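No experiment lies behind these values; they were computed from the predicted model shown. Numbers restart at 1 for each chain; the letters A, B, ... are given by sequence-line order, proteins then strands.
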Amino acid sequence: GPKVLQIPSHQIIDMGQMVTLNCDPVSNHLYFYWYKQILGQQMEFLVNFYNGKVMEKSKLFKDQFSVERPDGSYFTLKIQPTALEDSAVYFCASSRDRQDTQYFGPGTRLLVL
Amino acid sequence: GDSVTQTEGPVTLSEGTSLTVNCSYETKQYPTLFWYVQYPGEGPQLLFKVPKANEKGSNRGFEATYNKEATSFHLQKASVQESDSAVYYCALGDETGGYKVVFGSGTRLLVSP
């Protein structure tokens with residue numbers, strides 16, 4: 001089936017540093033999402049993005065978070081500065097239409113020390 | 001807000017036995033319901049979805065019926081195989097805002113030969 005790629009698969013950084021998580025969505029998809037899963041907990045929605053704009057963000061999407069997809073390249077999640085509680089697995093997803101099936105990447109495991 | 005509750009794992013079964021994973025949901029909408037499956041090191045992948053009440057979804061021997069009256073969407077399989085070992089997520093599509101998937105906490109299934 002359609003594949004979503006995420007780079008890197010793992011990232012370890014010191015608290016306060018900036019990190020950028022990259023997502024390569026399915027080629028003809030127009031809607032993009034980030035979800036966060038803390039170890040042992042539920043996967044939770046962070047943000048969705050369409051036509052260059054954030055459509056909706058959850059309360060987990062702090063002011064330190066930002067997303068963009070410049071010129072059809074990677075869909076990125078940037079955290080600046082990072083905090084200890086940002087340690088989690090971040091999953092990117094994409095869909096062709098708004099209510100279409102979302103396809104998920106394998107996740108980026110972020111550890112903030 | 002919307003929520004999904006499912007059987008707490010792990011669920012341990014022997015090959016050839018039957019599986020039921022309970023799922024109930026709360027919403028004020030009429031959402032599409034999903035079952036996702038996640039294998040180690042991968043993101044969730046769609047097992048099947050059901051957009052309408054009283055309809056059944058199925059794939060690979062797994063099935064679930066959208067029961068709007070009981071607000072349930074239980075996953076069943078008559079005879080599990082070792083290769084079914086994975087984490088199973090019940091989820092619903094939240095149509096408010098930009099659309100997002102609301103996940104249950106996941107149920108880890110372990111099938112022994």
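Here the straight-line distance linking atom NZ of A:Lys57 with atom NZ of B:Lys100 works out to 13.5 Å at 0.5 Å rounding.
The contact list for residues 89-113 of chain A toward chain B, using heavy atoms and a distance under 4.5 Å, reads A:Phe91, A:Arg98, A:Gln99, A:Asp100, A:Thr101, A:Gln102, A:Phe104, A:Gly105, A:Pro106, A:Arg109 by residue number. Of all residues in residues 26-42 of chain A, those placing a non-hydrogen atom less than 4.5 angstrom from a non-hydrogen atom of chain B are A:Tyr33, A:Tyr35, A:Gln37, A:Gln42.
In this structure, chain A has a heavy atom under 4.5 Å from the side chain of B:Tyr36, while its backbone stays farther away. Using a 4.5 Å cut-off between heavy atoms, B:Glu42 contacts chain A through its backbone alone, with no side-chain atom that close. Of the atoms belonging to B:Phe34, not a single heavy atom falls under 4.5 Å from chain A. Contacts of B:Glu95 with chain A are made by both backbone and side-chain atoms, with heavy-atom separations under 4.5 Å. Residue contact with chain A, scored on non-hydrogen atoms closer than 4.5 Å, involves the backbone of B:Val4 exclusively.
Atom CD of A:Gln64 is surrounded by more than 12 heavy atoms from other residues, nucleotides or ligands within 6.0 Å. Under a cut-off of 6.0 angstrom, the local environment of OH in B:Tyr30 is sparse, with at most 12 non-hydrogen atoms contributed by other residues, nucleotides or ligands. Heavy-atom contacts from other residues, nucleotides or ligands closer than 6.0 Å to CZ of A:Phe65 number more than 12. In A:Lys62, the NZ atom is crowded: over 12 heavy atoms of neighbouring residues, nucleotides or ligands sit closer than 6.0 Å.
Cluster annotation: B:Val37 and B:Val87 are assigned to distinct hydrophobic clusters (Ile/Leu/Val/Met/Phe/Trp/Tyr, side-chain heavy-atom contacts under 4.5 Å, transitive). The hydrophobic clustering, which links ILVMFWY residues whose side-chain heavy atoms are closer than 4.5 Å, places A:Phe45 and B:Phe103 together. No continuous path of ILVMFWY side-chain contacts below 4.5 Å connects B:Val102 to B:Tyr99, so the two sit in separate hydrophobic clusters. By the criterion of side-chain heavy atoms lying less than 4.5 angstrom apart, applied directly or through intervening Ile, Leu, Val, Met, Phe, Trp or Tyr residues, A:Phe75 is not grouped with A:Val4; the two fall into different hydrophobic clusters. B:Phe48 and B:Leu19 end up in the same hydrophobic cluster when Ile, Leu, Val, Met, Phe, Trp and Tyr side chains are linked at under 4.5 Å.
Note: A:Glu56 leads A:Glu56, A:Gln6, A:Met43 in heavy-atom pairs under 4.5 Å with chain B.
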